2 protein chains.
Amino acid sequence: MATIHDVAKIANVSVTTVSRVLNNRGYISEATRAKVYKTMEELNYQPNEIARSLLRKQSNVIGLIIPNVSHPFFSELTNYVENYAYEQGFKMLLCNSQMDPVKEKDYIEMLKRNRVDGIIMGSHTLQVEEYKSLSSPIVTIDRQISSDIPYISSDNYAGGKLAAEMLIHKGCTKIAHICGNLGLRMLSNRRTDAFQAVMSDKGVESIIIQTDMNVFDQEQYELIMQRLLEEHPDIDGIFATSDIIAGYAVKACTAAGRRIPDDVKIIGYDDVNAARWMMPEITTIKQPIKQIGQMAFDLIMKQMNAEPFEVDNILPVSLIERATT
Amino acid sequence: MATIHDVAKIANVSVTTVSRVLNNRGYISEATRAKVYKTMEELNYQPNEIARSLLRKQSNVIGLIIPNVSHPFFSELTNYVENYAYEQGFKMLLCNSQMDPVKEKDYIEMLKRNRVDGIIMGSHTLQVEEYKSLSSPIVTIDRQISSDIPYISSDNYAGGKLAAEMLIHKGCTKIAHICGNLGLRMLSNRRTDAFQAVMSDKGVESIIIQTDMNVFDQEQYELIMQRLLEEHPDIDGIFATSDIIAGYAVKACTAAGRRIPDDVKIIGYDDVNAARWMMPEITTIKQPIKQIGQMAFDLIMKQMNAEPFEVDNILPVSLIERATT
DNA sequence: TGTTATATGTCAATCGTTTGACATGTCAAT
DNA sequence: ATTGACATGTCAAACGATTGACATATAACA
């Protein structure tokens, strides 16, 4: 790889001059500028960003830690974050924690060693203290860590309420709610809070089932849904905490000979693209994924530039009614 | 952020000594080692990988360029690549080209500026010459660029053949094939070659429709499928070049009142997780995505270490029969 | 007593780039 | 003839870490 010295030598100018055209500072004649550019072209020169980062103490890289990109919610989020970061001249290191605390910790340290300008945390298997050592800008998605670390989430309580009320409104009398691991301190647990509140408020019978949200473990979902329907054949409403789970619910109900939405009404969460690939299309609570991604990046930027920022960022959700309710 | 100098000063040893414990070289007493580690802990010191990369001329970063992580095939591939890279101590910069040649070119240059140790190209909107300037290790997925750049693909011809023959075997007499943009020089076009060969060989009527493979443009797929069924109501077999398109085919057929698999048999491609979220589950040609991801990374490593490697890497596919045929 | 393994230190160069300070021109306008 | 804008050069320090060469010191062993 050619260096700035090679360019200088070939173009017959000083390194300083090359640096000046590269960074557009000081006086440079058009002739020299052209000559330097031509030489860079010839040598296929690309300035070494590693050296620049070292000097500038800024890498223009952010890290994104999520459980797994294969989950539609995270793959869409990742896409938005990356795109938005790219527009602002930043790159993104992707880290799949696979919900493994050791790996998650390891990733955080790796990102620090690589001096990323900020970390977006979408995976939360660690204890709060573990984050304290993080000096770099950080923003969490769907988890509130401390009063000075900004977080973004959609309005989970409202979402849970919306879902629960819609099922009741549609006439459901026994509703199951499939959620993630409530032991993890995630804000998505508030969906469950809202669900329970509505159920007890309206006096509707309900069942809550926790899962570990591992999309890969397809069998887990199949089993859970199957058992649910066996143990509670009279269920007529299901509120799943993701569209994918809702999809499994649809399949299990159909397999059990129950019609959707006539016998059982199902509502998912997220409104990922996949919700429309399924048949029937999944009714769902839409999270503004694009906005979450952009806001996450913006909050990193604001911290980097020491601009003021909001710590609590709760985005609105909306009900998208499709064919499963 | 603390530097190695800070650690040395606080621990009351020389910088060289700290470096020695860090890199495990030379003689170090247990006492000193412990003292240094303790100090690093206290200062929350993480060695600056940027400085290391600069000196070592190796970043331990690879770049992955794909059209869009939101597409299940790529999100699964990304997950495998990242995981495998992580196991070997590498990080991954993710780049979504969005099928934009300008962006793709820009990404390649960005990755070069950042001195990544290798690039895995899964997006192919550029002309062959554009890749010639790439001095770093590179491997392409599903596209053959030149005789010295290794590529990986699954056996597309065999996959197309398998799909076509299975539909005919199941009694289809008029088969539509929905493929990607054949203008792009991708190896997946060989599926279409195989399809056509089988069709003409067996004398079965067929229709070929190109799409631009943009998963986000849901309406495009809906429209295409709808028009296809209107113009050719007698179609009884569909071979889609992805499971997602197959999903849309299922929906359109059902909407048109055609039963699956009785009236129309549908086969997809890839065998992504989503193929099993759909109902009925999609019959498909399985690509070994995990293996593709690992091999891509391995080929980068081999080039890096100047080890011998295979240029042509064609992985086997298999037919997974589910409910749509 | 001398030899050797162990332990640590000093020093300087290196990776590729940026930047400030300063010097030395040329050329045109006053 | 003087001034000032423009153009380019030289030089050195800095970013944070690694590494080889070399010096020095202690402890153990023969």
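Letters A, B, ... mirror the listed sequences (proteins, then strands); counts begin at 1. The analysis underlying the following values was restricted to heavy atoms, covering all of them including side chains, and did not include hydrogens, waters or symmetry mates. Every value quoted in this text rests on a predicted model; they were computed, and no experiment measured them.
- Donor-acceptor pairing under 3.5 Å is recorded for the side chains of A:S123 and A:S97.
- Straight-line distance from the CD atom of B:Q58 to the P atom of D:dT19: 13 Å, rounded to whole Å.
- Protein chain B touches strand DNA chain C; the 5'-most and 3'-most nucleotides with an atom under 4.0 angstrom of its non-hydrogen atoms are C:dA5 to C:dG16.
- A close approach under 4.0 Å does not occur between any side-chain nitrogen or oxygen of A:K57 and OP1 or OP2 of D:dA14.
- Among the heavy atoms of the strands lying under 4.0 Å from A:S14 is at least one base atom, whether or not backbone atoms are also near.
- Inspection of the A:E49 and B:N114 side chains reveals no N or O donor paired with an N or O acceptor under 3.5 Å.
- The distance from atom CG of B:L22 to atom C1' of D:dA17 is 9 Å, rounded to the nearest whole Å.
- Within the 4.0 angstrom heavy-atom criterion, only backbone atoms of the sugar-phosphate kind lie near B:N12; the bases stay farther away.
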Each nucleotide in nucleotides 25-30 of chain D should get exactly one letter: B, S or -. Can you fill that in based on protein heavy atoms under 4.0 Å? ------
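- Between the side chains of A:S70 and B:E76, no donor-acceptor pair is found at a separation under 3.5 Å.
- Checking the phosphate oxygens (OP1, OP2) of D:dG16, no side-chain nitrogen or oxygen of B:R52 falls inside 4.0 Å.
- Closest-nucleotide positions on DNA chain C for A:V15 and B:S29 were compared, and the one nearer the 5' end corresponds to B:S29.
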Report the C-alpha separation of B:K112 and B:E109 in whole Å, then their side-chain angles, then the decisive distance to 0.1 Å, and conclude whether the salt bridge (Lys or Arg N to Asp or Glu O under 4.0 Å) test is met. CA-CA 5 Å; B:K112 284 179 68 178; B:E109 288 180 352; over 6 Å; no
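- Residue contacts for A:S19: at a heavy-atom cut-off of 4.0 Å it reaches a base atom on one of the strands shown.
- As judged by a 4.0 angstrom heavy-atom cut-off over every strand, A:T3 is placed among residues touching the sugar-phosphate backbone only.
- In this entry the distance linking CE of B:M40 with C1' of D:dA17 reads 13 Å, nearest Å.
- Checking B:N79 against B:S75 by side-chain atom types alone, no donor-acceptor pair falls below 3.5 Å.
- Per the geometry, CZ belonging to B:R56 stands 16 Å off C1' belonging to D:dC15, to the nearest Å.
- Residue-level contact check: B:S53 touches neither bases nor backbone, having no heavy atom under 4.0 Å from any strand.
- Per the geometry, CD1 belonging to A:I50 stands 13 Å off C1' belonging to D:dC15, to the nearest Å.
- Atom-to-atom, CD1 of B:I28 to C1' of D:dT18 comes out at 14 Å; the value is rounded to the nearest Å.
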Show which side-chain atoms of residues 303-312 of chain A pair as donor or acceptor with protein atoms under 3.5 Å away, not counting sequence neighbours.
| residue | atom | partner | partner atom | Å |
| --- | --- | --- | --- | --- |
| A:Q303 | NE2 | A:I138 | O | 2.9 |
| A:Q303 | NE2 | A:L299 | O | 3.2 |
| A:N305 | ND2 | A:M301 | O | 3.1 |
| A:D312 | OD1 | A:Y151 | OH | 2.9 |

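- Sorted by first and then second residue, the pairs that involve residues 87-111 of chain B and meet ring pair (Phe, Tyr, Trp, His ring centres under 6.0 Å), not counting sequence neighbours, are A:Y86-B:Y107, B:F90-B:F297.
- Of the N and O atoms on the side chains of B:S29 and B:T32, at least one donor lies less than 3.5 Å from an acceptor on the other residue.
- Remark: P of D:dG16 and NE2 of B:H5 are 9 Å apart, rounded to the nearest angstrom.
- Atom CG of A:L54 and atom P of D:dT18 are 12 Å apart (whole Å).
- For A:Y45, the ring-ring contact (aromatic ring centres under 6.0 Å, His included) test picks out no residue, with sequence neighbours left out.
- Between B:R33 and B:E30 there is a salt bridge, since a side-chain N of the basic residue sits under 4.0 Å from a carboxylate O of the acidic one.
- Between D:dA17 and B:N48, no contact under 4.0 Å exists linking OP1 or OP2 to a side-chain N or O.
- A salt bridge between B:E41 and B:K38 is absent, with no side-chain N of the basic residue lying under 4.0 Å from a carboxylate O of the acidic one.
- No side-chain donor-acceptor contact under 3.5 Å links A:N44 and A:Q46.
- Comparing the helix axis at one end of the helix from C:dT1-D:dA30 to C:dT30-D:dA1 with that at the other, each defined from 5 consecutive pairs, gives an inter-axis angle of 50° (nearest 10°).
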